[in-house]
Asker: 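One structure, pasted below without further comment.
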Amino acid sequence: MGKYRMSEFRRSVLLATLDIPEGETRTYKEIAKKIGRPNAARAVGTALKNNPMAPTIPCHRVVRSDGSIGNYTHMGRNSPEKKRALLKSEGVTL
DNA sequence: CAACACAAAGTAG
DNA sequence: CTACTTTGTGTTG
């Protein structure tokens, strides 16, 4: 029987990210806090890095706490510019 | 064991 | 004040 089970941490991160409304942004810290690991903002980034295989999850709505855009990996390629473009497309004022 | 899509506090100037 | 360094966190390679 296959175990469709990734770590709880990763699953929580994805769900929390999926819960971000359109046009809104959330910080890695906020996501971390939401899933009960307020000090694991870095782990949140690591978790998202392995998941943005599709626009299924609005990982581009997760930004840094200091207002920076943060990073964005898609298909093994880092494109912070793409992230910024997506946010702007949703009407997010940086 | 080392690295990473972060954060906050500490050190140096 | 700004810039760089260090420590904490959880998963992946």
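Just so you know, these numbers use all the heavy atoms, side chains as well, and skip hydrogens, waters and symmetry mates.
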Asker: Let's see if you get this right: which residues in residues 79-91 of chain A place a heavy atom under 4.0 Å from DNA chain C?
Answerer: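 Per residue number, the list is empty: none.
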Asker: Of all of residues 16-39 of chain A, which get a heavy atom below 4.0 angstrom from DNA chain C, listed by number?
Answerer: A:Arg37, A:Asn39
Asker: Excluding sequence neighbours, so at least two apart, what forms side-chain contact (heavy atoms from CB on, under 4.5 Å) with A:Ala32?
Answerer: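 side-chain contact (heavy atoms from CB on, under 4.5 Å) list for A:Ala32, sorted by chain: A:Val44.
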Asker: I'd like to check the side-chain contact (heavy atoms from CB on, under 4.5 Å) partners of A:Leu18; sequence neighbours left out, ordered by chain and number.
Answerer: A:Ile57, A:Pro58
Asker: For A:Lys82, give me all partners under side-chain contact (heavy atoms from CB on, under 4.5 Å), at least two apart in sequence or on another chain.
Answerer: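 Listed in chain order: A:Tyr72, A:Ser79, A:Leu86.
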Asker: What pairs with A:Ser68 under side-chain hydrogen bond (donor to acceptor under 3.5 Å, both in side chains), at least two apart in sequence or on another chain?
Answerer: A:Asp66
Asker: Starting at atom CZ of A:Phe9, determine the distance to atom C1' of B:dC4, rounded to an integer number of angstrom.
Answerer: 12 Å
Asker: Holding to side-chain hydrogen bond (donor to acceptor under 3.5 Å, both in side chains), I want the full list of residues that pass it with A:Arg61, two or more places apart in sequence or in another chain.
Answerer: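 A:Arg61 satisfies side-chain hydrogen bond (donor to acceptor under 3.5 Å, both in side chains) with A:Glu90 only.
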Asker: Which pairs with one or both residues in residues 69-81 of chain A pass salt bridge (charged side-chain N to carboxylate O under 4.0 Å, His left out), sequence neighbours excluded?
Answerer: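 Qualifying pairs, neighbours excluded: none.
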Asker: Can you run down the salt bridge (charged side-chain N to carboxylate O under 4.0 Å, His left out) pairs that involve residues 32-48 of chain A, sequence neighbours left out, and say none if there aren't any?
Answerer: none
Asker: Which pairs count as side chain to side chain donor-acceptor pair (under 3.5 Å) when at least one residue sits in residues 12-27 of chain A, sequence neighbours excluded?
Answerer: none
Asker: Pairs counted as Watson-Crick or G-U wobble with both distances under 3.5 Å: what dot-bracket string results for DNA chain B, using | for bases tied to another strand?
Answerer: ||||.||||||||
Asker: I'd like a table of atom pairs between the protein and nucleotides 10-13 of chain B - only N or O on both sides, under 3.5 Å - with the distance next to each one.
Answerer:
none

